[in-house]
Amino acid sequence: MLSRRPLLLGAAAAASLPRFAIGQSDQRPSINIAVQKISNSNTLEVLREQSNVGERIFFSSLWEGLIGRDWLNELKTVPMLATEWRRISDSVVELTLREGVRFHNGDVMTAEDVAFSFGRERMFGDTQPTAQGRTISVRGDIIPSPAQRELPAEVTGVARRSWPALERVEIVDARTVRFHNATPDVTLEGRLSRFGSEIISRRAYQEANGWFDWARKPVLTGPYKVVEFRPDHSLTLVSHDEYWGGRPPLRQIRFLEVPEVSARVNALRTGEVQFACDIPPDQIAGIERERAYEVQGGTILNHRLTCFDKNHAALRDPRVRRAFTHAIDRKAIVDSLWGGRTVIPRGLQFEYYGEMYVQDWEVPKFDQAEARRLLREANYKGDPIPYRLLNNYYTNQTPTAQILVEMWRQVGLNVSIDMKENWSQILERGDSRAVRDWSNSAPFNDPVSSLVAQHGPNGQQQQVGEYSNDELNRLSVELETGTDRARRKQAFRRMLEIAEREDPAYTVLHQNATFTAKRRDIKWRAAPAFAMDFRQGNWG
């Protein structure tokens, strides 16, 4: 599985790959991009594919929301499919829709498309807008079947993770919509800009032969549209020439799935691709020794975590999980594997939270003596603890795991790596689920976008049955519905104490970073995110 076909297929096959177009009626270039993974769910539906790899392709190329992010300008909030918005009350926001937006099928976007995008048929199913901490249980990251016709449970789970109390979208007139929440929510504008709040074509969705067919070829508003999706192999996009933001600068973009780093770099050097993603820091110097290439990137709004299943027999006692957190020398990982190109954050939070950022918080101290004391106190007898792992889905994932296992061994934790092939196997319920890797982003500048959305009542950890804490869940509701900012910050700090110290759900390792190798002569800039932007203004 992990060493499948090489990318370099010989002259005949290489000739079939898109090259820069010369002497054709459409003079725009076509490019190839080597990535380690295209989609974990084998679909292109944003409500199903909530992943780092999905963000790279979906944002900026395919999916667009009413409020967007300026990827190349500090991720600032910008008008997208809405030109302006205003608050009506603590629970209602009104938006003015952009005129003349066309979907990939040529239809003009209407207020009806917006309302449908956030409706029961497409997002919420029979779930209720309660925001009262009721968890929607899902099996995990199950890969959908081609026979899938009904709305998958994972879709409604993600929908309520993103919009716990959205009640309805009111069509005021042809260009005006109002989002009505069942509770007060100071983050409605942020939710509108987050991954999972994009607009789809109502007609295309309803005319598709079931949910699965839609999810393989969604009809959207972005600058590029899907022409071919071959799961586990490639995704080909072509220009959406009627794009509201101007004719896209590229004729075609082809993403090629190439799991091995060396194969991605070799494909760049042979000219089969113009971009190679997910480059480990120790490869950067070697690539840039050749003047034809450069590597762009750096830290992004995403943290790498180690997560715990508190239901596993060896992890039920929180002192054992706390021992895990104190046994980690995070600085050694950052220095040895990342060459100092990333940092250790102050827990699961981001500075762009502004006044909600808890400045004096820290990750658990590296303290082997404390880890050993906690294990003795918990009467841990060396019972085996499995560590489910993917092979470098995250940059440096495997070497990081090997270092962690040795650090844990030094304090007396008996952890062994259990290598898996996909996320379905990682999240599968059972006695062998104990420790795993993850990463968490912050789609907008408030703690509900990360700590609540990922670890609260409808965060993935609770939806798949790894974790629950009654006080944390009550505080999650307070963050979701509260309007007093001082009280919200106090609640957030207490949530950090619970999730990272008292009853650990996870422990933060370091801020994530992503690096992309490219031909130096291509005028393109990497964003401080996984997303790759190929719209006008970021090419040539």
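Just so it is clear, the model here is predicted, and its values are computed rather than measured. The analysis underlying the following values was restricted to heavy atoms, covering all of them including side chains, and did not include hydrogens, waters or symmetry mates.
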Does any donor atom in the side chain of [X] or [Y] lie under 3.5 Å from an acceptor atom in the other side chain?
X	Y	value
Ser441	Arg194	no
Ser197	Trp163	yes
Arg161	Gln50	no
Asp418	Ser432	no
Ser262	Glu260	no
Asn458	Gln463	yes
Glu502	Asn469	no
Ser41	Glu49	yes
Glu500	Tyr506	yes
Trp438	Gln461	no
Thr77	Arg69	yes
Asp437	Gln397	yes
Arg48	Thr43	no

Sub-3.5 Å donor-acceptor pair from the side chain of [X] to the main-chain atoms of [Y], do we have one?
X	Y	result
Asn422	Gln425	yes
Ser51	Gly54	yes
Asn538	Arg525	yes
Lys310	Ser468	yes
Asp383	Ala314	no
Asn52	Phe530	no
Glu198	Gly196	yes
Ser476	Leu472	yes
Thr135	Pro457	yes
Ser234	Arg230	no

From CA spacing to verdict: side chain to side chain contact (heavy atoms under 4.5 Å, CB included), Leu305, Gln454: CA-CA 12 Å; Leu305 316 177; Gln454 303 298 348; over 6 Å; no
I'd like to check [X] versus [Y] (side-chain heavy atoms, cut-off strictly below 4.5 Å). Are they in contact?
X	Y	answer
Gln274	Ile522	yes
Leu479	Met356	yes
Val238	Lys225	yes
Val358	Leu496	yes
Leu413	Val320	yes
Leu509	Leu404	yes
Ile385	Tyr380	yes
Thr342	Arg304	no

For [X] and [Y], work out which heavy atoms get closest and say how close.
X	Y	value
Asn311	Glu466	ND2-O, 3.7 Å
Val227	Lys217	O-NZ, 4.1 Å
Pro528	Ile300	C-CG2, 3.3 Å

Sequence neighbours excluded and cut-off under 3.5 Å, please list the side-chain donor-acceptor pairs for residues 275-286, or say none.
from: Asp278; atom 1: OD1; to: Arg56; atom 2: NH2; distance (Å): 2.9
from: Asp278; atom 1: OD2; to: Arg56; atom 2: NH2; distance (Å): 2.8

Can you measure from [atom1] ([X]) to [atom2] ([Y]) and round to the nearest 0.5 angstrom?
X	Y	atom1	atom2	result
Ile417	Thr398	CD1	OG1	7.5 Å
Gln368	Met407	CD	CE	8.5 Å
Phe308	Arg433	CZ	CZ	14.0 Å
Tyr393	Gln36	OH	CD	6.5 Å
Asn40	Ile143	CG	CD1	8.0 Å
Ser61	Met532	OG	CE	8.5 Å

Ring centres under 6.0 angstrom apart (Trp524, Phe534): yes
Residues Lys331, Phe366; criterion side chain to side chain contact (heavy atoms under 4.5 Å, CB included); working and verdict: CA-CA 9 Å; Lys331 186 175 187 303; Phe366 172 50; over 6 Å; no
What residues form a ring pair (Phe, Tyr, Trp, His ring centres under 6.0 Å) with [X], not counting sequence neighbours?
X	result
His312	none
Tyr205	Phe116, Trp214
Trp408	Phe324, Tyr387
His326	none

Before accepting this row, confirm whether a basic side-chain N of the pair [X]/[Y] lies closer than 4.0 Å to the acidic partner's carboxylate O.
X	Y	value
Glu428	Lys420	no
Asp232	Lys37	yes
Asp503	Arg321	yes

Partners meeting salt bridge (Lys or Arg N to Asp or Glu O under 4.0 Å) with Glu64 (sequence neighbours left out): none
Audit row: Ile31, Trp539, side chain to side chain contact (heavy atoms under 4.5 Å, CB included) steps and yes/no: CA-CA 12 Å; Ile31 61 170; Trp539 185 271; 3.7 Å; yes
Other residues, nucleotides, ligands: >12 heavy atoms within 6.0 Å of Arg269 CZ: yes
Cation-pi, Trp423 ring and Arg436 (6.0 angstrom, 45 degrees): no
Check against side chain to side chain contact (heavy atoms under 4.5 Å, CB included), Val35 and Val53: CA-CA 8 Å; Val35 300; Val53 296; over 6 Å; no
Geometric class of the His104/His240 ring pair [parallel <30°, tilted 30-60°, perpendicular >60°]: perpendicular
